[in-house]
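All values below were derived from every heavy atom in this structure, side-chain atoms included, with hydrogens, water molecules and symmetry-related copies excluded. These numbers come from a predicted model, not from an experiment.
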Amino acid sequence: MAAFDPWDPAFVADPYPAYAGLRERGRVHYFEPTGQWLVPRHADVSALLRDRRLGRTYRHRFSHEEFGRTPPPPEHEPFHTLNDHGMLDLEPPDHTRIRRLVSKAFTPRTVERLQPYVRDLAGRLVDRLVAAGGGDLLTDVAEPLPVAVIAEMLGIPESDRAPLRPWSAAICGMYELHPSEETAARAVRASVEFSDYLRGLIAARRADPGDDLVSGLIAAHDGDDDRLTEQEMISTCVLLLNAGHEATVNATVNGWHALFGNPGQLAALRADHSLVPTAVEELMRYDTPLQLFERWVLDDIEIDGTTIPRGAEIALLFGSANHDPAVFAEPGRLDLARRDNPHISFSAGLHYCIGAPLARIELAASLTALLERAPTLTLAAEPERKPTFVIRGLRGLHVEA
């Protein structure tokens with residue numbers, strides 16, 4: 001039986017057989033190398049994402065020492081300042097306040113207004129790919145689309161956008177299991193540079209507001225005039241960029257890799273573009289871009305007779321939950337017409353992805369543009385997987401158009 005080993009290239013290439021073994025063996029497993037409790041079944045992952053005895057942070061209730069944890073090294077402080085003020089890593093009441101204020105700027109109308117821009121940009125990127133006879137779907141379409149969309153939302157000028165993807169990639173390296181010191185140093189450097197850039201952008205928008213999300217975040221306030229601090233705005237912008245494109249980029253290339261590996265499903269999609277909405281959901285389920293999400297145990301909990309004590313860390317296995325046969329009929333089969341698809345690729349509960357509607361628009365736009373404008377798209381070479389486990393993606397996806 002395949003073993004759960006996030007550092008084994010064979011596991012990274014295809015973790016789903018190992019997940020099946022975990023699900024069969026029980027509802028929770030202690031994983032000594034990372035000191036985490038692995039939760040592989042959909043029902044448990046879904047319930048625990050909503051369980052207030054778990055949290056993304058513990059600092060709202062305990063000091064590091066009280067929680068039995070070692071504080072991060074001082075040299076990592078710029079990364080943690082940036083990360084710890086974003087709503088993804090906060091719990092109520094801070095999470096509630098920041099999400100409410102961000103929601104005032106990040107409205108459904110804001111997202112809806114972007115639809116023509118997203119569709120137009122997706123079309124132009126695909127046209128360029130076709131004109132060249134093919135290329136790398138990752139760098140030519142998957143990356144530039146969501147990065148440009150988030151930058152457009154934030155009001156970042158085109159001339160300033162080149163460092164956004166490298167900054168984001170460096171910061172996201174810290175979300176892997178046991179990141180190296182070199183990874184941490186890159187993340188710290190990116191955190192400082194990105195924060196400095198956004199501080200300047202926020203100052204410019206205070207002086208001259210525009211019709212963009214940064215201006216909206218500055219203006220957002222509650223009735224008691226509660227506003228976001230500058231650090232909260234910076235952390236929110238970085239979170240929106242990181243979360244707003246990392247998953248979309250990987251969902252795009254993972255999805256097309258899955259389509260090329262399932263030619264019957266690809267042929268069905270090419271014959272019937274009305275399948276795009278369910279195809280987007282199925283591709284996100286089938287090869288999940290975020291495989292694991294962590295939670296701290298704030299109060300003892302019991303799972304299947306096992307008590308998991310306060311201070312422990314739980315690893316919720318999204319990729320495994322999305323392949324649980326108790327929820328999905330034939331989970332190992334790609335079915336673009338799948339209707340009953342309660343995947344948890346966007347999380348659940350109070351940390352449900354605020355950008356999920358935008359991600360769906362982007363994924364549908366790029367998928368539609370490729371189907372319409374590159375109808376004979378084929379895989380030019382078998383891609384190489386990134387060696388990372390938590391954020392699942394490819395180093396590239398070379399195609400012929």
Side-chain angles (χ1 to χ4, degrees), residues 1-25 28-42 44-45 48-49 56 79 83 88-89 138 142-143 168-184 186-187 242-243 245-258 261 283-296 312-324 331-332 343-347 351 353 382-397:
M1 186 176 285
F4 179 89
D5 182 355
W7 300 283
D8 178 5
F11 171 84
V12 171
D14 183 8
Y16 299 104
Y19 291 155
L22 287 176
R23 289 191 304 269
E24 287 164 15
R25 291 198 299 275
V28 65
H29 310 271
Y30 186 69
F31 187 58
E32 186 71 45
T34 59
Q36 294 173 317
W37 293 87
L38 308 177
V39 177
R41 295 185 186 176
H42 187 283
D44 292 320
V45 171
L48 292 171
L49 284 169
R56 282 290 293 170
F79 165 78
N83 188 67
L88 183 63
D89 280 84
L138 175 72
E143 282 186 346
S168 176
I171 291 167
C172 288
M174 286 294 274
Y175 304 133
E176 290 299 321
L177 302 174
H178 290 176
S180 67
E181 273 308 310
E182 185 184 349
T183 297
R186 278 198 298 269
N242 290 353
H245 86 274
E246 194 70 44
T248 310
V249 169
N250 292 317
T252 301
V253 291
N254 290 348
W256 272 97
H257 187 230
L283 292 169
M284 289 205 71
R285 178 202 72 82
Y286 183 76
D287 202 6
T288 311
L290 182 69
Q291 291 279 309
L292 175 155
F293 213 53
E294 295 159 331
R295 286 284 195 276
W296 295 106
E313 193 174 23
I314 285 183
L316 303 172
L317 299 178
F318 282 15
S320 176
N322 282 343
H323 277 246
D324 190 340
H343 69 77
I344 51 171
S345 299
F346 289 119
S347 192
H351 285 290
C353 177
E382 191 57 34
E384 184 185 347
R385 278 233 162 258
K386 286 181 180 175
T388 53
F389 158 59
V390 175
I391 298 173
R392 180 169 173 79
L394 302 171
R395 290 192 187 276
L397 191 66

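- Across all non-hydrogen atoms, the minimal contact from A187 to F79 is CB-CD1, 4.2 Å.
- Side-chain polar atoms of Q291 and Y19 form a donor-acceptor pair below 3.5 angstrom.
- Here R295 pairs with nothing under the salt bridge (Lys or Arg N to Asp or Glu O under 4.0 Å) rule; sequence neighbours left out.
- Using a 3.5 Å distance cut-off with no hydrogens or angles, the side chains of H29 and Q36 do not pair a donor with an acceptor.
- A heavy-atom distance below 4.5 Å is not found between the side chains of Y286 and P331.
- In this structure, the side chain of S345 engages the main chain of M284 through a donor-acceptor pair within 3.5 Å.
- Between the side chains of D287 and Y16, at least one donor N or O lies within less than 3.5 Å of an accepting N or O.
- In this structure, L292 and A315 approach most closely via the heavy-atom pair CD1-CB, 3.7 Å.
- L38 is listed as a side-chain neighbour of L22, based on a closest heavy-atom distance under 4.5 Å.
- A distance-only check finds a donor-acceptor pair linking the side chain of T252 to the backbone of T248 [under 3.5 Å].
- When side chains are defined from C-beta on, F293 counts as touching F318, because their heavy atoms get closer than 4.5 Å.
- Within a 6.0 Å sphere centred on CD of E182, heavy atoms belonging to other residues, nucleotides or ligands number 12 at most.
- Partners of D324 under the salt bridge (Lys or Arg N to Asp or Glu O under 4.0 Å) rule, at least two apart in sequence or in another chain, do not exist in this structure.
- Nearest heavy-atom pair across G35 and Y30 is CA-OH, 3.3 Å.
- Looking at heavy atoms from C-beta onward, L88 lies in side-chain contact with R56 at the 4.5 angstrom threshold.
- Side-chain contact check for S180 versus T183: some heavy-atom pair is nearer than 4.5 Å.
- With hydrogens and angles ignored, the 3.5 Å screen pairs no side-chain donor or acceptor of R41 with any backbone N or O of A321.
- When side chains are defined from C-beta on, I171 counts as touching N242, because their heavy atoms get closer than 4.5 Å.
- When atom types are taken as modelled, the side chain of R23 and the backbone of H323 share a donor-acceptor pair closer than 3.5 angstrom.
- Looking only at distances, a side-chain donor or acceptor of T288 sits under 3.5 Å from a matching main-chain atom of R285.
- For S320 against P40, the heavy-atom pair with the smallest separation is OG-O, 2.7 Å.
- In summary, the aromatic rings of F4 and F389 are positioned with their centroids under 6.0 Å apart.
- Of the possible donor and acceptor atoms, one in the side chain of N322 sits under 3.5 Å from a partner among the backbone N and O of I344.
- The salt bridge (Lys or Arg N to Asp or Glu O under 4.0 Å) search around E294 returns none, not counting sequence neighbours.
- When atom types are taken as modelled, the side chain of N254 and the backbone of N250 share a donor-acceptor pair closer than 3.5 angstrom.
- The backbone N or O of A13 sits less than 3.5 Å from a side-chain atom of R392, completing a donor-acceptor pair.
- At least one side-chain heavy atom of L290 sits less than 4.5 Å from a side-chain heavy atom of I391.
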